[in-house]
Amino acid sequence: MAPLYEAIEFGIADKFIVRAIAQAYNNSIDSVTKAFKKAGDVGTAAESLYRGHDDHLSIEKVYDLLFTITQTSGIGSREKKIRLLAELLSSVGRLSSRYLTRIPLDKLRLGFSDMTILDALSWMLNGNKSARVKLEEAYNVRPDIGYLAKTIKEHGMKGLSHVGVKVGAPILACLCQRLPNADEMIKKMGRVAVEPKYDGVRVQIHYQQTTKTFSRNLENTTDMFPELQNIGKQLNAREVILDSEAIGLDPKTGKLISFQETTTRKRKHDIAETLLKVPLKFFVFDILYKNGESLLSVPFSKRRRILEETIRAGNSLVVSEQIITDSAAALRVYHDKQLKKGLEGAVVKKWDSPYEPGRRGYTWVKFKEEEGKTGKLTDTIDAVVMGYTSGEGKRTAFGIGQVLLGVRRGDDFVTVTKLGSGATEKELGGLFQSLKKLRMKEQPKEYKDVDKVYYPDVWVSPKLVLEIAGDDLTKSKKHGAGYSVRFPRLVRIRPDKSPHEVTTVKEVETLFKQQ
DNA sequence: AGTGACTGCCC
DNA sequence: ATTCTGC
DNA sequence: GCAGAATGGGCAGTCACT
């Protein structure tokens, strides 16, 4: 409904949609939940329960009502949002109920999104994709499909001529691709800059007397970083747009802290106190604009020189270090050094490439784990499947969306993570065949301290073992193991292992301390 | 004042 | 974030 | 190789309820 950089939220997700459908079509919350689980999609669930009357509302009317929902807050707002959505659902047709329910979830599932629409706009103008490149350039600095469509509909491509980089208007961030190893990176990218990969949050800094900042997804985060309001003295420039990673320091030791701790700075209350508890360093690694000039198409080698000339030593901003190389061996050595320092790894950047927003091409590549390994964790974890959920969308066909995994504590099992990534469709099918035989009516007695939020659709007896990988272990307040896995994924199914052989809580703790 | 349910946004 | 899949 | 669609932990914020 709105461009990324406008903070418009519905405040409605799965649970509230279910309640709205229940209210609109006169069903119990339970039966709607069941229909939702069965369909694996709110849209088809709404459709199947549809009991409304089509008032032929205009698109404007629907838009207005949805917008009203986004603007509703305060005491009584939850009921009101649900009521507004329910009223809307009861006055549209059956088919509309499918899409209307998906809108707040951002799950229209039409098989296309912004990029495809750029192609479509090009077809609209030229009957082919020839305008895509230009459209994409405009999109990069004005990621607002509605605005672009309207502009070229009215003025053709000429209408885009004034769409350019502007301080205060967020630019689509350049993201990293992945490649399996250093050799591939050098082969694909040639001469590269290699920089430390900090495990913090992305901050795009816009400065022109005052500072505005944007997150990786272009949310305005200005209020979170009051320390950036006085960076003028760190800049040899009137106006700039910088790209950086912010990471917290331990105020006593000055050491970098974990992502989990850094992220407590992501707040809008008590900012002044938290600022002292969690001071941030902004590792600046790119410059996109300086004194009226866009640097997006300038090669990185040159941008880097400009960046170094622009930043002065000071409290908040630090120019990120780097090496330049075209040797895979040197790249490997540098990457290993970053891991030893406790950083996330390295980012490898094509030395002569322009700033390429999005994740296309191989201009930036992340290098996190050691070669040949899955995940950064020193060892994989063997965990037992405690239950599974039926899954949404495509997963519905396999009967499994995710599995709840446990590790051993004495003769009991406690949860350590859920897992939904890494299985091929064939493996998912296989998992379902194995697990449906292990179905239990109730939570098995040996499953201890399971938090409600993890209750699966189906409990299974502890038989099937999975080997999983991850990037980090985190301290967990919710998982019974006391720890959990960051970015968990399936390595392989271990029919050869018995549940008694799975990793123990003690071993998980040891792994945590090794990090 | 404290807690739990839910959501949105970081990774 | 990671991973898989259809095109 | 891209675009899309499944899925993860965990933080803060908001609102409802006790």
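Every chain is numbered from 1, with letters handed out A, B, ... down the list of sequences. Please read these numbers as outputs of a predicted model, since none were measured by experiment.
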Counting heavy atoms from C-beta on, name the nucleotide in [options] closest to the side chain of [X].
X: Asp471(A); options: dA5(D), dG10(D), dT2(C); value: dT2(C)
X: Arg202(A); options: dG13(D), dC11(B), dA5(D); value: dC11(B)
X: His269(A); options: dG10(D), dT14(D), dG4(D); value: dT14(D)
X: Glu9(A); options: dG4(D), dT2(C), dG8(B); value: dG8(B)
X: Lys15(A); options: dG9(D), dC6(B), dG4(D); value: dC6(B)
X: Phe259(A); options: dG13(D), dC2(D), dC10(B); value: dC10(B)
X: Arg78(A); options: dG4(D), dA1(C), dT14(D); value: dT14(D)
X: Thr263(A); options: dC11(D), dT7(B), dT14(D); value: dC11(D)
X: Glu219(A); options: dC6(B), dC9(B), dA5(D); value: dC9(B)
X: Lys107(A); options: dT7(D), dG1(D), dA3(D); value: dT7(D)

Under 4.0 angstrom, heavy atoms only, what part of the nucleic acid is [X] near: base, sugar-phosphate, or nothing?
X: Thr274(A); result: nothing
X: Lys426(A); result: nothing
X: Ile271(A); result: nothing
X: Thr262(A); result: nothing
X: Gly361(A); result: sugar-phosphate
X: Val485(A); result: sugar-phosphate
X: Ile75(A); result: sugar-phosphate
X: Lys266(A); result: base
X: Gly401(A); result: sugar-phosphate

When you measure from the side-chain N and O atoms of [X] to the phosphate of [N], is any distance below 4.0 Å, counting only OP1 and OP2?
X: Arg395(A); N: dA5(D); result: no
X: Lys268(A); N: dT14(D); result: yes
X: Arg489(A); N: dT3(C); result: yes
X: Ser113(A); N: dG4(D); result: yes
X: Thr474(A); N: dG9(D); result: no
X: Arg132(A); N: dA3(D); result: yes
X: Gln260(A); N: dC10(B); result: no
X: Lys368(A); N: dA1(C); result: no
X: Arg178(A); N: dT2(C); result: yes
X: Lys366(A); N: dT2(C); result: yes
X: Lys452(A); N: dA5(B); result: yes
X: Arg267(A); N: dA12(D); result: yes
X: Thr424(A); N: dT3(C); result: no

When the distance from [atom1] of [X] to [atom2] of [N] is rounded to whole Å, what number comes out?
X: Lys394(A); N: dC4(C); atom1: NZ; atom2: C1'; answer: 7 Å
X: Ile247(A); N: dC10(B); atom1: CD1; atom2: P; answer: 17 Å
X: Lys81(A); N: dT7(B); atom1: NZ; atom2: C1'; answer: 10 Å
X: Asp199(A); N: dT2(C); atom1: CG; atom2: P; answer: 11 Å
X: Asp223(A); N: dC10(B); atom1: CG; atom2: P; answer: 13 Å
X: Asp457(A); N: dT7(D); atom1: CG; atom2: C1'; answer: 14 Å
X: Asp14(A); N: dT7(D); atom1: CG; atom2: C1'; answer: 13 Å
X: Glu425(A); N: dT5(C); atom1: CD; atom2: P; answer: 5 Å

> Is a donor-acceptor pair below 3.5 Å formed from side chain Ser421(A) to base dT7(D), judging by atom type as modelled?
Replying inline: no
>> Can you work out whether Arg486(A) or Ile12(A) has the more 5'-proximal nearest nucleotide on DNA chain B?
In response: Ile12(A)
> Considering heavy-atom distances to DNA chain C, does Glu427(A) or Lys197(A) have its closest nucleotide positioned more toward the 5' end?
Replying inline: Lys197(A)
> Do the rings of Trp351(A) and Phe300(A) sit parallel, tilted or perpendicular, given the 30° and 60° boundaries?
Replying inline: perpendicular
>> In the structure I gave you, are the side-chain heavy atoms of Tyr198(A) and Phe282(A) within less than 4.5 Å of one another anywhere?
In response: no
>> Test side-chain hydrogen bond (donor to acceptor under 3.5 Å, both in side chains) on Gln514(A) and Thr378(A); report intermediate values, then the result.
In response: CA-CA 8 Å; Gln514(A) 277 169 14; Thr378(A) 42; 3.2 Å; yes
>> So, applying side-chain contact (heavy atoms from CB on, under 4.5 Å) with Phe225(A), which one of Val203(A), Ile271(A), Ile205(A) is it?
In response: Val203(A)
Once you round to the nearest 0.5 Å, how far does [atom1] of [X] lie from [atom2] of [Y]?
X: Asp382(A); Y: Thr504(A); atom1: CG; atom2: OG1; result: 11.0 Å
X: Gln515(A); Y: Leu473(A); atom1: CD; atom2: CG; result: 5.0 Å
X: Asp119(A); Y: Asn128(A); atom1: CG; atom2: CG; result: 10.5 Å

> Given the rule in the side-chain hydrogen bond (donor to acceptor under 3.5 Å, both in side chains) test, do Thr222(A) and Asn220(A) qualify, once you have shown the distances and angles that lead to the verdict?
Replying inline: CA-CA 6 Å; Thr222(A) 305; Asn220(A) 188 323; 2.6 Å; yes
>> My understanding is that only one of Lys366(A), Lys197(A), Lys376(A) makes a side-chain hydrogen bond (donor to acceptor under 3.5 Å, both in side chains) with Glu344(A); could you say which?
In response: Lys197(A)
